[in-house]
Amino acid sequence: MGTAPAVTPERPSIRNPVPPAARAGGAALWSRLRRPPGSAVLWAAAALIALQLGIRALVTANGYFYWDDLILAGRAGTLPLLSGDLLLHDHDGHFMPLAFAVSWLTTAAAPLDWGAAAVVLLAGQLAASLAVLRMLLVLLGRRRALLVPLAFYLFCPLTLPAFAWWSAALNALPLQFALAWVVADAVLLDRTARRRYAISGVVVTAVGLLFFEKAVIVPFVALAVVLLRRYVDGRRPGLRAVLRRGAGLWGGAAAVLVLWAVFYLAAVGRSSGEGGSDVLAHMLPRAAWAGLVTALLGGPWGWERWVPSAPWAVAPDWAVWVAWLLLATGALLTIRARRMVWPVWIAAVVYVPAVQIPVVLMRAGPNTVDELMMSLRYLADTAVVLTAAGALILRAFARPRAATADRAATADRRLRWRGPIPAVLAVAVFVLSSLWSTWTFSRSWSEGPTKDYVTTVQSEFEHWDGSPLLAQEVPWNVLNPTAYPENEAGRVLSSIAPPGAFAAATDHLRMITDSGQFADARVWWNRGILPGPEPGCGYRIGGDSSVRVPLDGPMIAHEWTAQLNYFADRDATLTVGLERGSRAVVPVKAGLNTVFARITGSGSALIIRNRTPESAVCLGTGPVGVASYS
C-alpha cells in the first residue's frame with residue numbers, strides 16, 4: 001500500500017511573508033478592532049441622544065426664567081457663595097446646597113442670561129442621558145433591543161416639564177443621573193464584586209442628595225433592580241447574598257443617608273403640609289390617570305396653562321382609555337410569555353404612588369389645586385425607573401423558554417427577521433407622539449411676561465442716572481406676592497442692577513412698571529403728616545432724642561412710602577419708621593428738599609431721629625401711603 005503524501009505547511013514567500021490563513025485571521029481581527037461588536041447599536045444610541053439634545057435645545061429656545069428661578073437668581077445676587085444662608089437655605093422644604101451653588105456660579109458668570117442657563121440644562125440632560133445609556137448597556141448589553149427603552153427615556157414627555165424649568169431641572173436632572181448611575185454600579189458590583197463600583201455608587205448617591213432630597217430613593221431602587229435582575233435571569237434573588245456581595249455600596253449608602261438626614265433636619269426640620277388621605281385619594285389618581293399613563297405612549301399631547309402657573313397635562317378621554325387598554329394588554333402579554341417578569345410590573349406599579357405620596361403630603365394645602373400633580377414635574381424620576389423596568393423585561397425575553405433545539409432555532413429566526421420591524425414601528429410612533437407633546441408643551445411654556453420684563457429692566461439700567469429706586473415688588477405674574485420678600489425687585493434684579501440701584505430712600509421717586517420701564521411716581525395721601533408745633537419749622541429734628549411726628553390716622557402693618565418735605569442746615573442722616581416696625585436710614589441734603597423713604601410697619605405716627613450731631617432738620621407736612629406711577 002502506498003503512503004499518503006505528507007502535508008507540508010504553507011511557507012511564506014518573499015513577496016507574501018505572512019501565510020494566507022494568518023492574513024485572513026489578521027484581517028478579521030483588524031475588522032473587529034475597527035468595528036467592535038455592537039458598535040452599530042452605540043452609534044444608533046449616540047444619534048438618538050443627539051436628536052434628544054437638539055429637541056431639548058429648541059425647548060430651551062422657547063423658554064425663560066420662571067418663578068423659583070428668579071428666587072434662586074435673587075439669592076445668588078445678594079449672598080456670597082460660601083454662605084450658610086445660601087447653601088443651607090430651606091427652599092420650600094427642599095435641601096439642595098449644590099443646586100444653589102450651581103445657580104450662584106451661573107448667575108455670577110452670566111446674570112439672568114437664559115443662554116447660559118440653557119447650556120447648563122443641556123449639559124445636565126446629556127449627563128443624565130449618558131448615565132441611562134450606561135445603565136441599559138449593563139442590563140442588556142449591546143443588543144438592538146437596548147434602543148427601545150433608551151428611546152422611551154430620551155423622548156418621553158415625563159421628563160420634559162422638569163427639564164424646561166431651570167430650578168426644577170437643578171433637582172430633577174441630578175436625580176435622574178444618580179438613579180441610572182447607581183443602578184448600573186449596583187449591578188456591576190453584584191456581577192464582579194469590584195470595589196470601585198461601591199465607591200462610585202456611594203459618591204454619586206451623596207452628590208445626588210446634595211442636589212435633591214428625593215435622592216434618598218436611589219439606593220433602594222438600585223437594590224430592587226439587582227434583585228429583579230437575578231430573578232428574571234432564573235436565579236433566586238438571594239437578598240442576603242446581594243447585601244453581602246454589595247456590602248460596600250449598601251453600607252456606604254446607609255452611612256451617607258444617616259449623615260445627610262442630620263443636616264437635612266437641622267436645615268429644614270420636619271415641616272409638613274396640610275395634605276391628608278382625602279387629598280391623596282383625589283390628586284394621585286388624576287396624575288396617574290391622564291398624566292403618567294398617557295406619557296407612556298408619548299402623551300399627553302395637550303397642555304393647558306393660565307399665567308403665572310406652569311402648564312399641566314390634558315389628554316382626550318378616549319386617548320386615556322386607549323392608553324390604559326394598551327398598557328394592560330402589554331402587561332398581560334409579557335407576563336404570559338415570560339412569567340418571571342411579573343415582579344417587575346409590580347415593582348413599577350408600586351414605585352409611582354410610593355414616591356408621590358410624600359410630595360402630596362408635603363406640598364398640598366387648602367390652596368393646592370389638582371394641576372400641581374398634573375404638571376408632571378414630580379414624575380421625572382419615574383422615567384428612569386420605568387426605563388430600567390423595560391430593560392429587565394427585555395432581558396427576560398433574551399432568554400428563550402424551555403423548548404427543543406429546533407423550536408428554539410425557529411424562534412430565534414423569527415425574532416431576527418420579524419422582531420425588529422414591529423419594534424421599529426412602535427418606537428417611531430412613540431417618538432412622533434412624544435414630539436407632538438413636546439411641541440404643544442413648548443408652545444404653552446413660551447407664554448409669560450418675565451422675559452420682556454427682565455430685558456426691559458436691563459435696558460433701563462444701561463441708561464440709569466444714579467438716583468436709587470425704592471423697594472417694590474415685581475409684577476404678580478412674574479413672581480407672586482406669596483413669595484415675599486423674595487419677590488422684591490431689589491432681590492430679583494440684584495444680579496443685573498448696578499451698585500446702589502435700590503435704597504431705602506431717594507430724592508427722585510420712580511418705580512418700575514409692569515413692563516419693566518422706569519416711570520416717575522407719586523405718594524398717595526393714605527395718611528398725612530399733621531402740621532408741626534413750631535412756626536416756620538414744623539417738627540424740629542435734632543439732638544439725641546427721637547421725635548414723634550403724628551399722622552392724621554393709624555396705618556396697618558404694611559410697606560409704605562413717606563414723603564418728607566424738609567429744610568436742613570447741613571447734610572445729615574435720619575432714621576425714619578412707624579411706631580411698630582423697622583427703621584430706614586434716610587440721608588438728607590442741606591437746603592430745602594424732598595426725600596422719599598420706604599418704611600415697613602404700623603402705627604399712628606412717624607418716629608424720626610437725627611443721627612448727625614449739631615445738625616437741625618425742619619420737617620413739614622406730606623403724604624405717607626402707597627407709591628404709584630399711575
Side-chain angles (χ1 to χ4, degrees), residues 71 74-75 78-79 85 89-90 468-474 476 479-494 497 500-512 521-533 538-566 568 572-588 593-612 615 617-629:
I71 297 177
R75 297 189 68 82
T78 55
L79 295 170
D85 290 336
H89 176 63
D90 175 6
L469 299 165
L470 295 184
Q472 68 174 92
E473 297 180 358
V474 298
W476 68 272
L479 189 57
N480 196 282
T482 56
Y484 180 85
E486 303 291 350
N487 69 323
E488 289 191 339
R491 300 194 184 199
V492 173
L493 305 172
S494 59
F502 292 92
T506 183
D507 55 3
H508 184 187
L509 184 59
R510 288 177 300 177
M511 298 184 68
I512 305 175
R522 62 184 179 87
V523 181
W524 289 8
W525 284 81
N526 297 91
R527 292 289 184 263
I529 299 173
L530 294 174
Y539 299 92
R540 184 175 295 275
I541 315 296
D544 295 330
S545 59
S546 299
V547 177
R548 186 177 186 275
V549 178
L551 305 176
D552 59 4
M555 307 199 77
I556 62 173
H558 191 61
E559 289 188 336
W560 306 103
T561 301
Q563 179 177 324
L564 306 178
N565 302 312
Y566 68 91
T573 301
L574 309 178
T575 58
V576 181
L578 289 164
E579 291 174 303
R580 293 172 294 277
S582 59
R583 299 288 188 266
V585 177
V586 180
V588 295
N593 296 293
T594 297
V595 67
F596 302 88
R598 183 74 159 178
I599 55 178
T600 302
S602 61
S604 300
L606 295 177
I607 307 299
I608 305 177
R609 182 175 181 178
N610 192 334
R611 297 174 55 182
T612 303
S615 66
V617 177
C618 292
L619 180 67
T621 61
V624 179
V626 175
S628 173
Y629 55 83

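We count residues from 1, following the sequence as given. Reckoned from all heavy atoms, side chains included, excluding hydrogens, waters and symmetry mates.
Counting only heavy atoms from C-beta outward, the side chains of Phe596 and Asp507 never approach each other to under 4.5 Å. No side-chain heavy atom of Asn593 sits under 4.5 Å from any side-chain heavy atom of Val588. For the pair Arg522 and Gln563, the minimum side-chain heavy-atom distance is 4.5 Å or more. Residues Ile529 and Leu564 have side chains in contact (heavy-atom distance under 4.5 Å, counting atoms from C-beta outward). With a 4.5 Å cut-off on side-chain heavy atoms, Met511 and Leu469 do not count as touching. Using a 4.5 Å heavy-atom threshold, the side chains of Ile607 and Arg548 count as touching. Leu470 is listed as a side-chain neighbour of Leu509, based on a closest heavy-atom distance under 4.5 Å. Side-chain contact between Ser494 and Arg75: absent, with no pair of heavy atoms (C-beta onward) separated by less than 4.5 Å.
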Item checked: Steps toward side-chain contact (heavy atoms from CB on, under 4.5 Å) verdict (Leu606, Leu578) -> CA-CA 5 Å; Leu606 295 177; Leu578 289 164; 3.7 Å; yes
Check: When you look at Leu493 and Ile512, which way does the side-chain contact (heavy atoms from CB on, under 4.5 Å) test go after all the steps?
Finding: CA-CA 11 Å; Leu493 305 172; Ile512 305 175; 3.9 Å; yes
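The number of heavy-atom neighbours closer than 6.0 Å to CH2 of Trp525, taken from other residues, nucleotides and ligands shown, is above 12.
Closest approach of Pro531 and Tyr539 over heavy atoms only: O-OH, 3.3 Å. The minimum heavy-atom distance linking Pro587 with Val595 is given by the pair O-CG2, 4.0 Å.
No donor-acceptor pair under 3.5 Å is formed between the side chain of Arg583 and the backbone N or O of Thr575.
If you check the side chains of Glu559 and Tyr484, you find a donor sitting under 3.5 Å from an acceptor. A side-chain N or O of Arg580 and one of Ser602 form a donor-acceptor pair less than 3.5 Å apart.
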